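No experiment lies behind these values; they were computed from the predicted model shown. The chain is numbered in sequence order, starting from 1.
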Amino acid sequence: MLLAEFPFGRCDAARLAALAALAERHGDGRLRLTPWRGAMLVARDAQAAAALAAAARDLDLIVAADDPRRAVAACPGAPACASGGTPAQAHAARLAARLGPRPAGVRVHVSGCPKGCAHPGRADLTLVGRPDGRYGVVHAGHAGDPEAMVLPFEAVLERLNSAGMAALHPDREPA
């Protein structure tokens, strides 16, 4: 059995068709969607299970427990959502790559606007897209909370590179 999550909960028709073909080729022919925004495929045998896992990774699906994308919630953002001021999903993928293996207990939310549809709860770090393309940074809060600072996305990444999540804390000056 293979459980594969869709990055940030989204799956397009091409990826779904590829998964269905994998289920036919290596599994029992059925594709089961999960409540966790992913799919479950049942392999015929151990060799087929390995082939399914490799193919799912090739489709950029989440199959590892420590995948950093599991720590990041992201809405569709611009241009998929008219409210989105930023390409939230593209930026979330880049941010997750910078986080490295899933940080224990850390939750990050990248929202294209202040509505915060993808993660209505608090997050350790919330980036709130603005119409000018920059992000408001909210530390330990919701997308609608007051922003501690406003930065272009590249500056967010630079701060993460220099000192990790602490560099985005409102009480810390950039290095």
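The shortest heavy-atom contact between Ser111 and His109 is CB-NE2, 3.6 Å. Here the shortest heavy-atom pairing between Gly129 and Pro114 reads O-CD, 4.2 Å.
In terms of hydrophobic clustering, with Ile, Leu, Val, Met, Phe, Trp and Tyr side chains grouped at heavy-atom distances under 4.5 Å, Phe8 and Phe6 are assigned to different clusters. When hydrophobic clusters are built by joining Ile, Leu, Val, Met, Phe, Trp and Tyr residues whose side-chain heavy atoms come closer than 4.5 Å, directly or via intermediates, Leu52 is grouped together with Leu33. The hydrophobic clustering, which links ILVMFWY residues whose side-chain heavy atoms are closer than 4.5 Å, places Leu99 and Leu125 together. In the hydrophobic clustering of this structure, Val137 groups with Val110; members are Ile, Leu, Val, Met, Phe, Trp, Tyr whose side-chain heavy atoms approach within less than 4.5 Å, directly or through other members. Val63 and Leu59 fall within a single hydrophobic cluster, where Ile, Leu, Val, Met, Phe, Trp and Tyr side chains are chained together by heavy-atom contacts under 4.5 Å.
By the salt bridge (Lys or Arg N to Asp or Glu O under 4.0 Å) test, Arg94 is found to be paired with Glu154, residues two or more places apart in sequence or in another chain being considered. Partners of Arg70 under the side-chain hydrogen bond (donor to acceptor under 3.5 Å, both in side chains) rule, at least two apart in sequence or in another chain, are Glu5. Arg134 meets the salt bridge (Lys or Arg N to Asp or Glu O under 4.0 Å) test with Asp132; sequence neighbours excluded. With sequence neighbours left out, the side-chain hydrogen bond (donor to acceptor under 3.5 Å, both in side chains) criterion links His91 to Tyr135.
Atom CD in Gln89 sits 11.0 Å away from atom CZ in Arg69 (nearest 0.5 Å). The CZ atom of Arg159 lies 5.0 Å from the CG atom of Leu151; values are rounded to the nearest 0.5 Å. Here the straight-line distance linking atom OG1 of Thr126 with atom NE2 of His119 works out to 6.5 Å at 0.5 Å rounding. Distance CE/Met1 to CG/Leu3: 5.0 Å, rounded to 0.5 Å.
A salt bridge is defined here as a Lys NZ or Arg NE, NH1 or NH2 lying under 4.0 Å from an Asp or Glu carboxylate O, and Arg57 with Asp67 fails to meet this definition.
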May I have the step-by-step check of side-chain contact (heavy atoms from CB on, under 4.5 Å) for Val108 and Asp124, ending in yes or no?
CA-CA 6 Å; Val108 177; Asp124 299 293; 5.7 Å; no

Walk me through it: do Leu95 and Leu127 pass the test side-chain contact (heavy atoms from CB on, under 4.5 Å)?
CA-CA 10 Å; Leu95 181 69; Leu127 300 179; 4.1 Å; yes

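Leu61 has its side chain within reach of Pro7: a pair of non-hydrogen atoms, C-beta onward, lies under 4.5 Å apart. Side-chain contact between Ser83 and Lys115: present, with at least one pair of heavy atoms (C-beta onward) separated by less than 4.5 Å. For the pair Arg130/Glu147, a side-chain contact is recorded, criterion being any heavy-atom separation below 4.5 Å from C-beta on.
In this structure, the side chain of Arg122 engages the main chain of Ala140 through a donor-acceptor pair within 3.5 Å.
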Between side-chain atoms of residues 71-81 and protein atoms elsewhere (two or more places apart, or another chain), which donor-acceptor pairs fall under 3.5 Å?
none

Tell me which donor-acceptor pairs under 3.5 Å the side chains of residues 16-29 have, and how far apart each pair is, sequence neighbours excluded?
from, atom 1, to, atom 2, distance (Å)
Asp28, OD1, Arg30, N, 3.0
Asp28, OD2, Arg32, NH1, 3.4
Asp28, OD2, Arg32, NH2, 2.7

